[in-house]
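Here's the structure we're looking at; comments come further down.
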Amino acid sequence: MIENPDKIESKLNFSSSSFKKYFANTSWLFLERVLRIIISFVVIIYVVRYLGPKDFGLYSYVISFMWLFASISTLGLETITVREIVKQPEKKDELIGTVFTLRLFGGITAVIFIALTLLIS
């Protein structure tokens with residue numbers, strides 16, 4: 001239980017330097033995300049108009065095929081690697097070497113799966 005509820009400050013201090021820094025960083029990240037979405041949208045419109053329905057369908061098939069096997073090659077190690085390097089910075093070289101080896105074998109496995117899939121289809 002809280003002994004003295006009067007001492008709890010529940011309002012944000014918009015004039016504090018930490019809030020201003022947080023707001024500035026968040027604004028840059030938000031602006032980058034919005035610009036990326038707008039640019040992607042415009043580029044996709046031009047690609048669709050240039051390729052036409054048939055060729056854009058083939059392009060979409062190839063892109064989805066690539067992303068299906070790209071997930072195998074990356075193994076989702078990005079966030080785990082960052083977390084472990086932050087926890088144990090002295091093991092940075094060992095962690096990066098291990099991740100490189102795992103991703104190399106994941107890439108080789110993905111290429112083998114792609115070749116087998118292409119042979120079957």
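- For the atom pair F100 CZ and F105 CZ, the distance stands at 9.5 Å (nearest 0.5 Å).
- A pairwise comparison of heavy atoms in Q88 and L95 identifies O-CD1, 4.4 Å as the closest pair.
- Annotation: the span from D93 atom CG to T98 atom OG1 amounts to 10.5 Å, rounded to 0.5 Å.
- Here L51 pairs with V47, D55, F56, Y59 under the side chain to side chain contact (heavy atoms under 4.5 Å, CB included) rule; sequence neighbours left out.
- A single hydrophobic cluster is not seen to contain both L75 and L104; linkage of ILVMFWY side chains at heavy-atom distances under 4.5 Å, directly or through other members, places them apart.
- For F65, the CZ atom is densely surrounded, since the number of other residues' heavy atoms within 6.0 Å is greater than 12.
- Atom CD of residue E90 and atom CD1 of residue I85 lie 11.0 Å apart, to the nearest 0.5 angstrom.
- In this structure, I38 is a member of the same hydrophobic cluster as F30, with clusters built from ILVMFWY side-chain heavy atoms closer than 4.5 Å.
- Under a hydrophobic-cluster definition in which Ile, Leu, Val, Met, Phe, Trp and Tyr are linked whenever side-chain heavy atoms come within less than 4.5 Å, directly or via other members, Y50 and I63 are assigned to the same cluster.
- Both V48 and V43 are members of a single hydrophobic cluster when ILVMFWY side chains are connected at heavy-atom separations under 4.5 Å.
- L35 and W28 fall within the same hydrophobic cluster, where Ile, Leu, Val, Met, Phe, Trp and Tyr residues are linked whenever their side-chain heavy atoms come under 4.5 Å apart, directly or through other members.
- Every side chain to side chain contact (heavy atoms under 4.5 Å, CB included) that R83 has, sequence neighbours left out, goes to I80, K87.
- Put simply, OG1 on T109 and CZ on R103 are 13.0 Å apart, with the number rounded to the nearest 0.5 Å.
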